[in-house]
Amino acid sequence: MSILAKKIPLFNSPAKSSKPHPKKKKPAYVEVNSDDNLNGRKKRPLTGNTNATNYTKQPQAQSTPPRKKQRLANALDVLQEQRRQLPIAKGKEALVREIREHDVTVLLGETGSGKTTQIPQYLLEAGLADSGMIGITQPRKVAAISLAQRVSSEQGTPLGGLVGYAVRFDDVCGPDTRIRYMTDGMLTQELLGDPLLSRYKVIIVDEAHERTLRTDLLLANLKRILKARNGGTDGKGKRKEGNPLKVVIMSATLDAEKFSDFFYNAKIIYVKGRQHPVKIHHCVQGQTDYVDAAMRTFFQIHVDQPPGDVLIFLPGQEDIESLQKSIERLANQLPPNHSTVLVVPIYAALQTNATKAISIPAPRGVRKCILATNIAETSITIPGVRYVIDTGKSKENRFLTGSAGGGFETLLTRDITKSSAMQRAGRAGREGPGYCYRLYTEEAFTAMAPTAEPEILRCNLTQSILQLLCLGQDIQELDLMDAPDVDTVSSALRTLFILGALDSHRELTPIGRKMAAFPLNPVHARALIASKEHACTAEVLDIISVLEASSTLFVDVADKRTAIADARRKFIHPAGDHLTVLNASRAYQAVGGSDEDEKVDKISRSARKEWALAHFVNERTLREAASIRKQLQQRCDREGIDWRVSCGEREEPVLLSLAYGLSQNTALITPDGSYKQTIGQAVVKIHPSSSMADVKVPAIMYDELVYTNQIYARGVSSINKSFFATIGALNRREA
DNA sequence: TGGGGATTT
């Protein structure tokens with residue numbers, strides 16, 4: 001105990017006697033965000049059809065043996081009983097009535113209400129889908145897939161039958177599909193082929209409070225579609241004959257009125273959830289060193305409190321690594337009468353599949369301590385958590401335009417929002433009563449912003465603006481809940497002009513239209529198109545597939561940096577990061593034979609896994625890149641680009657093609673050895689993770705600028721001064 | 001010398 005005695009506890013006697021709030025006393029906060037406990041692991045999938053790895057695109061006509069049939073029937077009974085027990089079931093008739101009577105309904109549903117799984121089924125049963133479809137959008141792929149699995153098993157039909165899903169790379173819907181779960185990006189894409197989304201009778205936008213860019217663009221388009229298909233928007237306007245649409249917006253409580261206002265005072269309906277009480281402790285004093293405070297609080301819980309896993313929210317990988325080390329070190333010094341501690345880190349860049357380690361329950365007498373970024377706020381459900389420690393911090397990404405070429409991102413640690421804090425606390429009450437220890441004062445909580453700023457105000461809009469232009473829409477004329485900054489829009493338009501996607505009248509050029517045909521960042525789309533003429537599409541495709549994947553290729557763990565540098569040396573190309581990525585990606589693809597025919601067998605798969613681990617590259621990134629590359633190859637076929645064309649060992653064509661896309665992201669060396677942008681005035685430093693960090697070359701191009709404590713260029717390659725200076729003009733001339 | 005989290009016919 002000596003290690004703890006020296007430190008003053010942060011929380012006054014968290015009380016062995018202090019029980020969570022009794023039932024009659026409502027907890028101060030309940031989680032109101034997602035309802036993914038409905039597809040949690042307590043309720044096992046009941047038929048083979050619900051297994052994610054086991055579906056077929058066409059629903060199978062299975063001949064089921066009688067005994068199994070009986071078992072399935074019983075399982076279905078159990079599911080139907082569970083459905084009836086859901087809080088939302090009591091309000092079924094009223095809900096259907098309200099939705100039937102109004103064109104737009106805003107639904108506030110707490111966690112565990114069952115709204116996302118039940119409402120589509122209620123509406124289908126009530127005939128609101130008529131002969132059309134009910135579409136339900138989600139911001140994340142995993143949610144769309146698991147919800148569809150759950151609902152299809154509740155219906156007793158195979159996935160892809162009555163109930164299906166559509167996400168990138170995966171459309172599991174058939175001719176009979178009436179309930180379609182999908183990502184909001186998929187539905188936005190559908191607009192291109194069908195601007196009125198006429199095959200949907202009902203569209204449900206779930207998790208709307210997250211205000212992702214795609215959700216916002218979808219909401220604007222739904223408002224337009226309502227006018228076109230319904231005449232009125234609130235059910236009172238002049239009705240049009242034909243094909244009216246119903247829209248249901250599902251959100252957390254904090255900003256429901258904003259959605260209602262946007263849709264002409266749409267009716268708001270509140271649905272109660274089912275969540276266990278969480279007792280919240282605030283710090284008496286603000287903490288400056290939140291990592292140390294988290295460590296002390298953890299041991300206070302570990303020593304004083306009954307068993308139960310602890311989840312600690314931290315801003316980033318660096319803090320997670322350092323806290324893991326100090327907790328493990330101190331846990332070893334505890335007297336043997338204390339249970340052992342198992343620390344599990346989780347953040348997106350982790351190369352191993354973190355969800356696996358988390359879902360394995362800790363053995364008896366072991367307390368699991370999960371150190372997570374806000375990946376655990378929405379994307380990953382962690383079972384068994386009884387205690388949450390919330391540092392109140394997260395990293396926030398913001399796009400700044402300024403004069404810095406294509407602009408740059410900032411990535412700074414900031415205070416979270418109230419909505420985030422409630423979400424984090426709610427993670428302690430999923431399976432039973434829980435506790436949340438906030439490493440900030442109650443006053444600090446009160447002072448937090450209620451919700452995060454919508455993404456449309458924070459991110460680079462180049463790709464979305466290009467997409468909208470293909471729909472014939474001008475982002476500045478679109479009726480959005482929040483209009484983007486003028487500077488962000490003009491910066492995006494300038495980038496599109498420099499890339500040759502727009503002419504001087506803001507009209508889409510043939511190159512622009514071609515760029516939009518690829519699901520890519522316009523900068524990468526431009527490089528891909530340029531690769532055709534420079535006969536190096538195979539190489540460029542390999543590179544941009546990796547750059548477009550959601551995690552970085554190269555793994556970095558602070559205390560393994562020497563081993564990592566040794567393993568990486570063989571990939572490093574003197575021209576820089578882009579060709580280094582190409583080397584690593586090709587080395588991976590060569591392990592266990594080529595995967596051109598998709599016939600990577602089990603042995604090759606494990607060989608690749610081993611290879612990736614040994615070389616400190618993130619295999620998840622490479623597998624994702626392979627899917628992206630395959631999709632891009634198909635698109636290339638349609639657009640008349642031969643993706644097999646390779647330039648062999650020559651590096652010049654590859655760098656030149658990339659430079660077409662990155663012409664705005666270039667810098668020249670100055671006499672003092674720093675790099676200064678060619679467009680814009682900023683001095684940029686090469687990010688330490690780059691293979692170019694210690695090399696001086698006359699000119700560089702880079703994938704992006706990130707401001708943390710300096711402006712860093714990431715994804716850097718050396719570039720020939722002679723061609724890059726004119727390339728911006730080249731783009732425009734060809735357009 | 002150091003990157004939170006999503007997503008695309």
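Just so you know, these numbers come straight off a predicted model, no measurement behind them. Note on naming: letters A, B, ... go to the chains in the order of the sequence lines (proteins, then strands), and numbering restarts at 1 for each one.
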Under 4.0 Å between any heavy atoms, over every strand shown, what does A:T373 touch: base, sugar-phosphate, or nothing? Just pick one. sugar-phosphate
Give A:S550 one of three labels, base, sugar-phosphate or nothing, depending on what nucleic acid heavy atoms sit under 4.0 Å from its own. base
Can a side chain N or O of A:T183 be found less than 4.0 Å away from OP1 or OP2 on B:dT7? no
Rounded distance (Å) that lies between atom P of B:dT8 and atom CG of A:L528: 19 Å
Output the rounded distance in Å from CD (A:E639) to C1' (B:dT9). 11 Å
What's A:D556 touching, base or sugar-phosphate or nothing? Going by heavy atoms closer than 4.0 Å. base
So, does the side chain of A:R414 form a donor-acceptor pair with the base of B:dG4 at under 3.5 Å? no
Among B:dG4, B:dG2, B:dT9, the nucleotide that comes nearest once only the side chain of A:Q189 is considered: B:dT9
Polar pair under 3.5 Å, donor/acceptor by atom type, side chain A:Q631, base B:dT8: no
Between the base of B:dT7 and the side chain of A:R168, is there a donor and acceptor pair under 3.5 angstrom? no
Presence of donor-acceptor pair under 3.5 Å, side chain of A:N397 and base of B:dG4: yes
Let me know the distance between CZ of A:R513 and P of B:dT9, rounded to the nearest Å. 17 Å
Just checking A:E548: base, sugar-phosphate only, or nothing, at a heavy-atom cut-off of under 4.0 Å? base
Does a salt bridge link A:R199 with A:E190, judged by any charged N lying under 4.0 Å from a carboxylate O? yes
Return yes if the base of B:dG2 and the side-chain atoms of A:Q710 contain a donor-acceptor N/O pair under 3.5 Å, otherwise no. no
Which of A:D171, A:T137, A:L187, A:V172 passes side-chain contact (heavy atoms from CB on, under 4.5 Å) with A:R180? Answer is A:D171
Taking any heavy-atom pair under 4.0 Å as a contact, classify A:A144: base, sugar-phosphate, or nothing. nothing
Of A:S689 and A:V142, whose nearest nucleotide on DNA chain B comes first from the 5' end? A:S689
May I ask you to say what A:R561 touches in the nucleic acid, namely base, sugar-phosphate or nothing, with a heavy-atom cut-off under 4.0 Å? base
Salt bridge check: are A:R635 and A:E639 linked by an N-O gap of less than 4.0 Å? no
For A:D577 and A:Y702, test the side chains for any donor-to-acceptor distance below 3.5 angstrom and give the result as yes or no. no
Would you call A:D566 and A:K560 a salt bridge, using N to O less than 4.0 angstrom? no
Look at all strands and tell whether A:G193 reaches a base, only sugar-phosphate, or nothing, counting heavy atoms closer than 4.0 Å. nothing
Nearest-Å distance, OH (A:Y712) to C1' (B:dT1)? 6 Å
I need the CZ-C1' distance between A:F313 and B:dG5, as an integer number of Å. 12 Å
Write down the distance between NZ (A:K141) and P (B:dG5), rounded to a whole number of angstrom. 16 Å
Walking DNA chain B from its 5' end, the first of A:P519 and A:I375 to be reached, judged by nearest nucleotide, is A:I375
Can you tell me how far C1' of B:dA6 sits from OH of A:Y347, to the nearest Å? 19 Å
Please report the distance, rounded to the nearest Å, between CZ in A:R214 and C1' in B:dG5. 12 Å
Touch class at under 4.0 angstrom, heavy-atom based, for A:Q317 against every strand present: sugar-phosphate
Is any NZ, NE, NH1 or NH2 atom of the basic residue among A:D255 and A:R211 found under 4.0 Å from an Asp or Glu carboxylate oxygen of the other? no
